[in-house]
Each structure stands twice: as structure tokens, then as C-alpha cells.
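Remarks on the structure that follows.
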Number of protein chains: 2
Amino acid sequence: MKNKMNEHRKKLGFSQDKLAEKLGVSRQTIISIEKGRYNPSLPLAMIIAELFDTSVENIFFLEQDDYK
Amino acid sequence: MKNKMNEHRKKLGFSQDKLAEKLGVSRQTIISIEKGRYNPSLPLAMIIAELFDTSVENIFFLEQDDYK
DNA sequence: CCTTTACGTCAAGTTTGCTTTACATATATT
DNA sequence: AATATATGTAAAGCAAACTTGACGTAAAGG
């Protein structure tokens with residue numbers, strides 16, 4: 001799964017630290033999601049979408065290997 | 001977090017078993033999500049939305065305690 | 001120089017998502 | 001009465017999401 005976290009974050013002019021704080025998660029979580037190390041949980045993804053004022057589908061994108 | 005899995009599943013006339021199969025997960029996973037025991041992962045939520053021909057936001061709904 | 005800000009890695013530990021297996025119950029069909 | 005279908009519970013185990021803490025690097029400003 002791909003995502004446009006970095007893009008959206010920069011559009012808001014937030015540092016990873018500030019974004020983490022706004023979302024109520026650790027900075028490691030932001031880094032890991034941006035770097036594609038793992039996916040956010042569904043509730044976190046929805047809170048992110050809300051903060052970025054868009055839909056989950058405009059930030060996160062399924063890829064072939066997400067389907068089994 | 002609440003969801004309308006049951007509603008959407010029945011609209012398609014699928015049993016839990018059949019839905020599980022279509023999604024490539026176990027029947028337990030469907031039961032657990034429908035019963036609200038836990039949330040699907042983000043990729044699974046997006047695959048579910050795709051199968052139900054709608055958006056993640058039309059199936060899953062944030063509640064107060066999803067925010068920290 | 002020195003400190004601060006921003007981004008990054010690594011590692012250990014807890015919690016949550018998902019699997020498998022086994023078993024229970026209710027309804028319908030033969 | 002017996003079998004099938006659909007839904008449910010419970011428990012054990014593995015993998016993924018998330019946390020905290022320690023440390024590294026580079027750029028910018030005093």
C-alpha cells in the first residue's frame with residue numbers, strides 16, 4: 001500500500017513532530033507510515049484523513065499485494 | 001468505532017462465509033468486525049469498501065473514543 | 001562553536017488484527 | 001430423526017501496529 005502522507009503533511013506545513021502531536025501518536029508512528037514500513041490502523045487513517053480535510057482514499061492507495 | 005458491515009453484506013445477499021471467501025479472510029474475521037470486537041486493518045477496510053462499491057467512510061464511523 | 005530543529009535508524013516491549021480449531025445453537029430440508 | 005446452512009463463542013498463536021528510549025546526522029541561527 002502506498003500513501004501521500006508526506007505530501008499532505010507538507011501542504012499543512014507541519015513537522016513530523018507536530019503532526020504526531022495533533023494526531024495523538026508518537027513521532028515514530030509518523031515516520032513509519034511515511035516510509036511505508038507499516039500501515040496505520042483504520043481509526044488512525046480516518047483521523048488523518050479528517051485532519052487533512054480529505055478522504056481515506058485520497059491518501060492511501062491499495063496495491064496488488066494488498067489482495068490475497 | 002461503528003460500522004455498517006452487516007447492512008452492506010445483506011444488501012449483497014452474502015453469508016458471512018461467502019463474504020470471508022470473497023475478501024480472502026477467515027469467517028472469524030467477518031464475525032469479529034461485524035460484532036465490533038475489533039477493526040479491520042486499513043487495507044482490508046479498503047478492499048471491503050471496494051467490494052461494497054462505496055467508500056471506507058460510508059461503512060466505518062469514528063466515535064469519540066477513537067481520538068486520544 | 002553551540003544549540004535547536006527536523007529527520008532518520010534501531011531495538012525491546014505491549015496491544016490489536018487475524019488465523020485455525022473446536023464446539024454450540026437455531027432453522028430449514030429430506 | 002438426520003443432515004445442512006448460517007451464526008455465534010472461546011482459546012491459542014503468529015504477525016502487524018504502536019510505544020518508549022537511545023542515538024546519529026545535517027542544516028540553520030545565536
Side-chain angles (χ1 to χ4, degrees):
Chain A
M1 183 148 151
K2 283 185 185 160
N3 74 75
K4 295 189 178 163
M5 282 285 288
N6 190 277
E7 208 173 306
H8 280 91
R9 174 171 66 81
K10 288 186 170 153
K11 200 183 296 173
L12 289 190
F14 286 1
S15 66
Q16 293 176 334
D17 211 26
K18 184 171 176 186
L19 179 58
E21 189 183 305
K22 295 259 181 196
L23 294 171
V25 297
S26 70
R27 188 170 63 92
Q28 271 311 315
T29 296
I30 303 301
I31 292 176
S32 296
I33 295 171
E34 281 194 9
K35 291 269 148 187
R37 272 196 263 282
Y38 54 72
N39 304 123
S41 67
L42 178 57
L44 181 52
M46 293 184 76
I47 291 170
I48 289 169
E50 210 173 58
L51 180 63
F52 287 164
D53 197 32
T54 187
S55 66
V56 166
E57 286 87 350
N58 277 328
I59 307 175
F60 302 98
F61 306 91
L62 287 174
E63 293 180 291
Q64 264 314 316
D65 51 310
D66 291 317
Y67 302 89
K68 310 176 215 171
Chain B
M1 179 145 155
K2 282 184 185 160
N3 74 74
K4 294 189 178 162
M5 283 284 289
N6 190 276
E7 208 173 305
H8 280 92
R9 175 171 66 83
K10 288 185 171 154
K11 200 182 296 173
L12 289 191
F14 285 3
S15 66
Q16 294 176 335
D17 211 25
K18 184 172 175 185
L19 179 59
E21 189 183 304
K22 295 259 182 197
L23 294 171
V25 296
S26 70
R27 188 171 63 94
Q28 272 311 314
T29 295
I30 303 300
I31 292 176
S32 296
I33 295 170
E34 282 193 9
K35 291 269 149 187
R37 272 195 264 282
Y38 54 68
N39 304 123
S41 67
L42 177 56
L44 180 53
M46 294 184 75
I47 291 170
I48 288 169
E50 209 173 60
L51 181 64
F52 287 164
D53 196 32
T54 188
S55 65
V56 167
E57 286 87 351
N58 276 328
I59 307 175
F60 301 98
F61 307 91
L62 287 174
E63 293 180 291
Q64 265 313 317
D65 52 310
D66 291 316
Y67 303 89
K68 310 177 213 170

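Below the 3.5 angstrom threshold, one finds no donor paired with an acceptor across the side chain of E34(B) and the base of dT7(D).
In the hydrophobic clustering of this structure, Y67(A) groups with V56(A); members are Ile, Leu, Val, Met, Phe, Trp, Tyr whose side-chain heavy atoms approach within less than 4.5 Å, directly or through other members.
Across residues 38-56 of chain A, not one residue has a non-hydrogen atom less than 4.0 Å from an atom of DNA chain C. Residues of residues 9-27 of chain A having a heavy atom closer than 4.0 Å to DNA chain C, listed by number: R9(A), S15(A), Q16(A), R27(A).
Atom-to-atom distance recorded for K22(A):NZ and I48(A):CD1 is 14.5 Å, nearest 0.5 angstrom. Between the CG atom of D66(A) and the CG atom of N39(A) there is a distance of 6.5 Å, given to the nearest 0.5 Å.
The minimum heavy-atom distance between I33(B) and N3(B), with the atom names listed, is O-ND2, 3.0 Å. Of all the heavy atoms in Y38(B) and Q28(B), the pair that sits closest is OH-O, 4.4 Å.
Rounding to whole angstrom units, NZ of residue K35(A) and P of dC18(D) are separated by 18 Å. Going from atom CE of M5(B) over to atom P of dC18(C) covers 10 Å, rounded to whole Å. Rounded to an integer number of Å, the gap from R37(A) CZ to dT19(D) P is 14 Å. One atom, CG of D65(B), and another, C1' of dT16(C), lie 15 Å apart when rounded to the nearest Å. Rounded to an integer number of Å, the gap from CD of Q28(B) to P of dA6(D) is 16 Å.
Contact annotation: the side chain of I31(B) approaches that of R37(B) to within less than 4.5 Å [non-hydrogen atoms, C-beta and beyond].
Heavy-atom neighbours of D65(A) CG from other residues, nucleotides or ligands within 6.0 Å: above the threshold of 12.
Of all nucleotides listed (dT19(D), dT9(C), dT9(D)), dT9(D) comes nearest to the side chain of I31(B).
No hydrogens or angles considered: a donor-acceptor pair under 3.5 Å links the side chains of T29(A) and S26(A).
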